Amino acid sequence: MSFTVAIDGPAASGKGTLSKAVAAHFGFAHLDTGLLYRAVGREVLDGAEPVEAARELRKETLERDDLRTAEVAEAASKVAAIAQVREALVDFQRAFARRSGGAVLDGRDIGTVICPEAEVKLFVTASDEVRAERRFLELEAKGFQTTRAEVLADLRERDARDSARATAPLKPAEDAVKLDTTEMSIDQAVTRAVAVIEERLGGRE
Ligand code: DC
């Protein structure tokens, strides 16, 4: 059986952590679709042409350990606004979503464009300040020199670009369940998401 959980939301909303935990809980496969755009962004920073980089995305690039930097995030957000880049990545994401055994995909347009038929759609948010604080602590732990103000400004700029683009902008699907994690611990958010998924799984039996 295939069962798709689409988890969308802005940068540093907690959707990545939540997706991993939910996938582990149900034994579903997980795809962080932001990594696809980050890999294309990385190749463009290294001189590649964006559409070509997306069409010929290489496994080695996806496995690079320098995709989580602020520089790559910005490059990813820029290439993600190009319609042909997005188009080149659609089939891979849809095939992943429909694999048997269940799949969790997190990104910006999973519930709206990639998997409009997903069995469960969640839209994860948190206040700008809380998201910036979480990302700041993550970057600091990795040894990056930055400030809270800089991280907040970067997040806002990226969200504005991701939400304003013409193709597959960041927005909740009409039937998405909204999860505001501003005042939630990771465990609370996971418990809530698991409950939503269990309800849908139960309805299919
Ligand atoms: O989730 P992330 O921060 O790793 O994503 C990096 C960028 O990639 C994000 O700013 C916009 C783009 N992206 C997208 O346009 N669509 C997706 N499904 C996932 C990411």
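One-based numbering, in listed order, for ligands and for the atoms of each. Nothing here was measured: the structure is a model prediction, and the numbers come from that model. Along the sequence shown, the residues carry numbers beginning at 1.
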Taking Lys121 for its side chain and Gly111 for its backbone only, find out whether a donor-acceptor pair lies under 3.5 Å. yes
Provide, to 0.1 Å, the distance between atom 11 (C) of ligand 1 and the closest protein heavy atom, together with that atom's residue and name. Asp162 OD2, 3.3 Å
Measuring from atom 12 (C) of ligand 1, which candidate in Ala80, Pro169, Gly16 has the nearest non-hydrogen atom? Ala80
Applying a strict under-4.5 Å side-chain criterion to I, L, V, M, F, W and Y, I'd like to know whether Phe26 and Ile110 cluster together. no
Side chain Ser13, main chain Gly9, donor-acceptor under 3.5 Å: no
Say whether Arg165 and ligand 1 are in contact under the criterion: heavy-atom distance to a ligand atom below 4.0 Å. yes
Do any N/O atoms on Asp32 end up under 3.5 angstrom from N/O atoms on ligand 1? no
Are any of the N or O atoms of Arg108 closer than 3.5 Å to those of ligand 1? yes
Are any of the side-chain heavy atoms of Arg156 and Asp128 separated by less than 4.5 Å? yes
Would one find an N or O of Gln93, backbone or side chain, under 3.5 Å from an N or O of ligand 1? no
Looking only at the side chains, is there a donor atom on one of Arg161 and Ser77 sitting less than 3.5 Å from an acceptor on the other? yes
closest protein heavy atom to atom 13 (N) of ligand 1 is Tyr37 CD1, 3.6 Å
For atom 19 (C) of ligand 1, what is the closest protein heavy atom, and at what distance to 0.1 Å? Thr33 OG1, 3.4 Å
Short version for Lys15: what comes under 4.0 Å of ligand 1, heavy atoms counted, is side chain
Among protein heavy atoms, which sits nearest to atom 4 (O) of ligand 1, and what does the distance come to when rounded to 0.1 Å? Arg38 NE, 2.6 Å
Answer yes or no: is there an ion pair linking Lys171 with Asp162, defined by an N-O contact shorter than 4.0 Å? no
So, the side chain of Thr4 versus the backbone of Ala103: is there a donor-acceptor pair under 3.5 Å, distance only? no
Please determine if Arg86 has a nitrogen or oxygen closer than 3.5 Å to a nitrogen or oxygen of ligand 1. yes
Report yes if some heavy atom in the side chain of Glu74 is under 4.5 Å from a heavy atom in the side chain of Asp154; otherwise report no. no
By number and element, which atoms of ligand 1 are closer than 4.0 Å to a non-hydrogen atom of Arg158? 3 (O), 5 (O), 6 (C), 7 (C), 9 (C), 10 (O)
